[in-house]
Amino acid sequence: MEQTLGQDSPPTSGPVDKSRVLDIKPLRSLSPVFPSSSNGAAPFVCFPPSGPFPSGFAPFYPFSGSSDSGNPQTPFSMPNQPFGFATPISTAVPINSYRTANGDAGPSGKRPRGRPRLQRNTVVAEEDGFSDEQEQSTQYSSRGRKIKSMTPKRTKRGQDMNSTLPDVDTDAMVNNILESFQHMKFDASGADGDRDTVENILMINNLLRRKIALIEDSKEATSITKRPDLKAAAILMSKGIRTNARKRIGAVPGVEIGDIFYFRMELCLVGLHAPSMAGIDYMVLKTSQNEEPVAVSIVSSGGYEDNVEDGDVLIYSGQGGNLNLKDKEATDQKLVRGNLALEKSLHRGNEVRVIRGVKDPASLTGKIYVYDGLYKVQESWVEKGKAGCNVFRFKLIRVPGQPEAFTLWKSIQQWTDGITPRVGIILPDLTSGAENLPVSLVNDVDDEKGPAYFTYSPTLKFPKPVTSVEPSAGCTCHDGCVSGNSNCHCIQGNGGYLPYTSGGVLVSQRPLVHECGPSCQCSSTCKNRLSQGGLKVRLEVFKTKNKGWGLRSWDPIRVGGYICEYAGEVVDISRAEDENNNRYIFDATRTFQSAGDLPGESNEAPKVPFPLIISAKDVGNVARFMNHGCSPNVQWQAVLRGNKEYDLHIMFFALKNIPPMTELTYDYGMVPPDKVEQRKKKCLCGSPKCRGYFC
DNA sequence: TTAGTTCAGAAGTAT
DNA sequence: ACTTCTGAACTAAGT
């Protein structure tokens, strides 16, 4: 590997010199607005700053651009960890203010699309003493190239109605996220990855992307295009936070068949498929006689006239020829680049990774990329495309013996279309219509006919009816709540921003999310009511091989996506103690040993207004079937509705992108040390990081 | 609601 | 400098 590195790698391979990438400059003080969450009267469950967190695990609060460590409201400032400045911070990079190649400010000076562009993005550079020239910091990608669009420029926010949002410093935000992942080692030299590295890089990327998206959401439509996906990934690329950058034939370490991705750039970051747009990735193989290109991976996303015979065969069209460009004349495809590489791969017989684009059932426009494993090119031919020009076709056959991936998607489609029945189904809907989507009950491993009896309830039951003491603590936003509205109590409770992106995903786990509630005047479609709309994915309760009943989803779930509430009866601690011989207890007061395993997401303790304990033994919903996992793919989030301290709910969100039919697990958390022995059960989660038991 | 169009992207490759 | 099965926002067309 070391030998090939010298050939394949660019001049600046090797660990990135951060002192060159990051240009150290003092920052304008950006004081984020920290809410005194709730009204401060509630007896919060709090942990000391040294906390339940492992040392070296920096706290992170969304949008704390420059860590204002003097702010007493900043949760869990670590005295020994001056976060935000432990690593050099490059100059501020306000979103939407990237400079284009020709030197125009931000989104190029071309005509605005749609509505007339407001007079924004006006450059006010001298405000903080930096001229534009001084601020120019050329950055380099891991391949040593200049990144032309990274030159920062300050912009001035327009005068929004009641907007109190501070400018957000993207680069400091990045550093904050990176610090919470500082136990990870990222090597820009093209080192091979492993499962942990891949998952962490994707997690960082997703966290950054969601935060950028949220900030962009909160601004007016000043930018012609918003591409948080590109921006987040470009920043990571420039810092060398990627893995498997060395091209290779065959499997990529840390990426598993069936993994799903929501953006092309994610494929690039983990080394599955390097080009950001092109469908064919290839490398030059050098032999003693000659050198020739061979294909290493392809993305089949339906842009060309591909057709699919069955799940293990793929007819892939060559690239080029202007087939998908309407304004250009279609031309014959040429046997160059990717087309040539695929042709060479046919003769060489090497394995080619295949990533299939499928329609995201959760969104009308979105697309999901499924890694479908290795294929081989079986034959190729030329035919006339729709435009009458020559098009290359390549027939690829899946290498046998690999885990099911794309065919599983096809199966699920057939279940939902009613074409083929789901094998092992016991009940089509165990909720008996209590949820807005059916939840099937399935057992295809043994004869058990179902879990013990319980009453299905989609909602949380409080011991006594809660009566509203205060007349109205809700917000008065008639048109839905938006980030930056200083008149909206709910938004202010979340630090001035919506906790969710416009795409409907949780931006990041936080101590407490303030949603709108019954007393708010906004409608049910308000963005700040994400977890109130019932189930959004089709769930299935199924019999696991060795852990009893479990929960999984027919639909893919994206990072931050809402899954379900933990419903049941709110009980006091004594009853929970009584019932500690059963598994159906949710205890929000538990701490998390695994905080270090979930960097960037759960490094702050939940701040629940009261010690909420829920029993789902007799009454509950699908959440009661979710098993514990030491490397979970789901996390819980305390959600308060309408600023009512009693209207507290536990909601589950995806921690990773979750492929269909993958068991959903969350970390049950830790009990006090003296109770561990009495409660601990053997953990069978199967994770390499398994603690061996859970409580 | 759905389908099509527009436009700025980013990285890699070729020149 | 050029290429490229992006992705979002927008527009037009169809119920």
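Per chain, numbering begins at 1; letters A, B, ... match sequence-line order. None of the values given here were measured: they were computed from a predicted structure.
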What's the closest nucleotide to the side chain of [X] if the choices are [options]?
{"X": "A/R227", "options": "B/dA14, C/dT4, C/dA8", "result": "C/dA8"}
{"X": "A/Q319", "options": "B/dA10, C/dG7, C/dT4", "result": "C/dT4"}
{"X": "A/R337", "options": "B/dA11, C/dT3, B/dA10", "result": "C/dT3"}
{"X": "A/S301", "options": "B/dA11, B/dG9, C/dT6", "result": "C/dT6"}
{"X": "A/K247", "options": "B/dT13, C/dA8, B/dA11", "result": "B/dT13"}

N or O in side chain of [X] less than 4.0 angstrom from [N] OP1/OP2:
{"X": "A/K334", "N": "C/dT3", "result": "no"}
{"X": "A/Y369", "N": "C/dG7", "result": "yes"}
{"X": "A/S276", "N": "B/dG12", "result": "no"}
{"X": "A/K367", "N": "C/dT6", "result": "yes"}
{"X": "A/Y282", "N": "B/dT13", "result": "no"}

Nearest 0.5 angstrom please: A/R393 CZ to A/L342 CG, how far?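 Output value for this atom pair is 13.0 Å.
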Looking at every strand, decide which applies to A/D281 at a 4.0 Å heavy-atom threshold: base, sugar-phosphate, or nothing.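 Nothing, no nucleic acid heavy atom in range.
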Given that A/G366 and A/G279 both sit by DNA chain C, which one's nearest nucleotide is further toward the 5' end? A/G279
A/L314 and side chain to side chain contact (heavy atoms under 4.5 Å, CB included): which single residue from A/D372, A/V354, A/V352 fits? A/V354
Go through the steps to decide whether A/Y562 and A/F653 satisfy the test ring-ring contact (aromatic ring centres under 6.0 Å, His included), and finish with yes or no. CA-CA 5 Å; A/Y562 171 70; A/F653 294 88; 5.7 Å; yes
Keeping A/R210 on the side-chain end and A/L506 on the backbone end, is there a donor-acceptor pair under 3.5 Å?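 Side chain of A/R210 to backbone of A/L506: a pair is present.
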Rounded off to whole Å, could you give me the NE2-to-C1' distance for the A/H273 and B/dT13 pair? 13 Å
Once you apply the 3.5 Å cut-off to both distances, tell me the Watson-Crick or G-U wobble partner of B/dC7, or none.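 Across any shown strand, B/dC7 pairs with C/dG7.
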